[in-house]
Amino acid sequence: MLGNSFTFVNNMPSTLAELTGAEVVQHTRGGARLAEQLNPKTKMGGLTQAALENEKWDYVILQEMSNGPITAKESFLKNVHLLCEKIWENGATPVLYATWAYKRGGKQLQSFGMDYDEMYREMYEAYHEAAEQNDAMIADVGKRFYEIADQQDIFAEDGCHPNELGSQIAAQVIADVILADQAKNKETIVEIMANETDTRLHIFYLYQMLLTQSDEEHPLSTKQITDRMMEQHHILVHRTTVPKDIDLLRAAGVDIVGERKRAWEYHLADRKFSLPELKILIDAVQSSKFITEKKSKILIEKLVSLTSETNADKLKRSVHITGRVKSENEKGYYIVDAINEAINAGVKISFYYFELNGKKRKVLRNDGKPYTVSPFDLIWDGDYYYLTGFCDERSAVRTFRVDRISQQPELLAEKAIEKPDGYDVSKYTTEVFRMFSTDEPIDVTLRCENCVMKSVIDKFGMKIKTTSLDADTFRTTVKVCAGPTFYRWVFGAGGKILIESPIETRNEYSEMLQKALNQL
């Protein structure tokens with residue numbers, strides 16, 4: 001267990017050992033952050049690094065400083081990633097011990113400057129994002145505390161640490177996750193007994209070999225097949241057996257082409273996608289703004305696996321990063337899936353929806369309360385997915401951008417409202433801004449009112465640098481092709497975006513506006 005007083009208080013590791021029957025070792029210090037566990041120059045970091053490099057563990061439990069996932073989220077995500085890499089290398093499984101929001105109404109929460117529900121949501125999102133990014137298990141103690149905090153006394157006097165009951169509940173949640181994983185592993189262990197004459201196994205390997213190592217330009221000869229069967233699987237196959245195995249696969253419906261040259265050569269002809277089709281799909285994924293960079297890489301790897309290894313190398317060489325702004329909402333896949341499920345089931349959904357303020361922080365709409373919506377359609381328009389549906393809070397059909405939905409929607413038991421008469425999905429599609437120009441991009445400095453931060457982020461991404469000028473405005477420098485499309489976007493802000501420099505761009509924009517005025 002790697003953590004601090006939230007881990008060691010009330011001797012919680014001993015409770016966990018009793019619940020699991022495991023040996024539990026703790027590397028903890030009051031106030032410690034996960035960054036310290038990575039630093040071999042510190043006493044605790046040195047012990048942790050040595051333990052991960054030289055000892056064998058089944059699980060390693062990670063617990064960050066109590067508000068670290070909120071106040072230093074990027075550092076938290078980075079340190080979890082680095083520790084998980086070392087844990088996986090050790091052969092162990094990482095478990096995130098997701099901690100809780102401070103006691104409702106307590107002094108610790110008041111001094112932190114967040115309300116109870118907001119702190120819970122941000123802690124929940126940070127820990128679950130870290131777990132998803134690193135394929136780690138999560139013991140969501142924070143969620144359990146949130147569910148019972150109003151009915152049971154689980155906090156110490158400081159309103160931050162758990163009391164004895166709180167520590168027992170934390171240990172139980174962690175134990176339940178580990179024991180469930182142990183039970184699952186026992187169910188899925190299957191021993192396959194095979195020898196070199198096991199026909200069923202070498203037929204499967206032959207199909208796998210043709211699938212991944214052959215294509216029209218790279219057929220496999222009988223000798224190559226027998227040699228690779230020995231090299232890759234230690235199975236001896238006689239050359240006279242190969243044609244019989246090929247015939248067996250053909251009888252099962254596998255499209256295998258055989259051609260007699262100096263010797264018989266075979267390749268798999270039945271491909272789900274041709275190489276040009278895969279290139280188009282990869283380009284679509286690569287350029288999609290809705291799909292995050294991480295998900296794009298995963299999807300592309302899956303698409304590449306649909307062809308032979310030789311063609312896969314060609315596809316990998318053609319994949320390139322275009323510098324395109326990608327969504328940072330890793331939950332996008334699951335949000336879309338939940339909405340589709342609700343549409344098919346004909347039920348309402350509930351979700352939190354956010355905007356970005358002048359400091360690029362998420363601000364929940366609807367006074368921090370969830371929207372209740374009868375979903376009608378999902379629309380892919382340009383770079384984004386949009387949801388249209390009847391919003392109970394507004395008593396009208398509304399459109400929501402999917403990547404602004406904070407977390408996976410909850411499917412409600414209540415039946416959805418039917419589409420009203422005259423509903424036309426095309427009416428709700430959004431015209432999306434694109435900057436296409438033959439000119440070279442230049443740096444343009446903009447002075448903007450805070451209310452247009454969302455629009456600026458939409459076009460240029462979260463990584464742009466912004467400087468707050470006063471309570472109402474900020475400045476940013478962006479790289480654009482300064483042309484009519486860009487100027488139309490600036491004009492659309494209604495005077496809330498001012499081009500400061502370069503002077504040539506200011507003048508060109510002014511001339512365009514003057515020409516427009518002259519037409520009146």
Side-chain angles (χ1 to χ4, degrees), residues 56 58 85 87-93 135 181-182 184-283 285-286 295-319:
K56 178 64 179 174
D58 295 302
E85 281 188 332
I87 292 166
W88 286 120
E89 288 173 5
N90 178 273
T93 300
D135 197 23
D181 186 61
Q182 288 284 297
K184 179 181 176 182
N185 288 340
K186 288 179 181 177
E187 291 174 2
T188 56
I189 292 175
V190 179
E191 292 186 4
I192 300 176
M193 301 300 293
N195 56 49
E196 63 183 22
T197 61
D198 194 324
T199 303
R200 294 168 299 171
L201 197 57
H202 85 252
I203 288 289
F204 171 77
Y205 286 146
L206 175 59
Y207 171 72
Q208 191 177 55
M209 188 184 301
L210 291 168
L211 177 67
T212 61
Q213 300 171 37
S214 78
D215 55 52
E216 188 175 0
E217 296 179 3
H218 304 88
L220 294 176
S221 68
T222 300
K223 186 176 187 308
Q224 286 176 312
I225 290 172
T226 57
D227 288 349
R228 294 185 187 189
M229 195 69 76
M230 177 57 73
E231 292 169 4
Q232 297 171 11
H233 306 293
H234 306 290
I235 293 178
L236 178 62
V237 175
H238 194 272
R239 62 181 179 81
T240 59
T241 304
V242 173
K244 298 175 183 177
D245 293 342
I246 295 291
D247 288 340
L248 190 61
L249 287 172
R250 285 171 174 161
V254 181
D255 188 3
I256 300 172
V257 173
E259 186 176 0
R260 182 67 182 263
K261 295 181 181 177
R262 294 180 61 184
W264 276 100
E265 295 180 343
Y266 305 94
H267 72 271
L268 186 66
D270 181 20
R271 298 282 178 183
K272 296 296 183 184
F273 297 95
S274 67
L275 202 59
E277 288 171 336
L278 287 173
K279 287 180 179 178
I280 290 172
L281 290 172
I282 288 172
D283 286 344
V285 170
Q286 189 72 27
K295 293 295 184 186
S296 293
K297 291 178 180 177
I298 293 172
L299 272 176
I300 289 170
E301 286 175 2
K302 290 181 178 180
L303 288 169
V304 167
S305 72
L306 295 175
T307 189
S308 67
E309 292 173 354
T310 304
N311 283 337
D313 288 337
K314 295 177 183 177
L315 288 172
K316 288 175 183 176
R317 285 196 293 271
S318 72
V319 173

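Worth saying up front: this structure is predicted, and the values here are computed from it rather than measured.
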Completion exercise
CG of Asp58 to OG1 of Thr93, rounded to nearest 0.5 Å, is 8.0 Å
Exercise for the section: Identify whether the distance between the nearest side-chain nitrogen and carboxylate oxygen of Arg250 and Asp247 falls below 4.0 Å. Expected result: yes
Problem - Heavy-atom check, side chain of Leu268 versus side chain of Asp215, under 4.5 Å - result: no
Completion exercise
Between Thr226 and Lys223 the two heavy atoms that sit nearest each other are OG1-O, 2.9 Å
Practice task
Check step by step if side chain to side chain donor-acceptor pair (under 3.5 Å) holds for Gln232 and Gln213.
Solution key: CA-CA 12 Å; Gln232 297 171 11; Gln213 300 171 37; 3.2 Å; yes
Completion exercise
Rounding to 0.5 Å, atoms CD (Glu85) and CD1 (Ile87) come to a distance of 10.5 Å
Exercise for the section: With side chain to side chain contact (heavy atoms under 4.5 Å, CB included) as the test, would you mind laying out the steps for Val242 and Tyr266 before giving the verdict? Expected result: CA-CA 10 Å; Val242 173; Tyr266 305 94; 4.2 Å; yes
Problem - Residues that His233 engages under ring pair (Phe, Tyr, Trp, His ring centres under 6.0 Å), provided they are two or more places apart - result: Tyr205
Handout entry: Where Lys56 and Asn90 come nearest, the two heavy atoms and their spacing
Key = NZ-O, 3.5 Å
Problem - Residues that Glu216 engages under side-chain contact (heavy atoms from CB on, under 4.5 Å), provided they are two or more places apart - result: His267
Handout entry: From CA spacing to verdict: side chain to side chain contact (heavy atoms under 4.5 Å, CB included), Ile246, Val254
Key = CA-CA 9 Å; Ile246 295 291; Val254 181; over 6 Å; no
Exercise for the section: Give, for atom CD1 of Ile225 and atom OG of Ser214, the distance between the pair rounded to the nearest 0.5 Å. Expected result: 8.0 Å
Handout entry: Passing candidate, side-chain contact (heavy atoms from CB on, under 4.5 Å) with Leu206, options Thr241, Val237, Asp245, Leu220
Key = Asp245
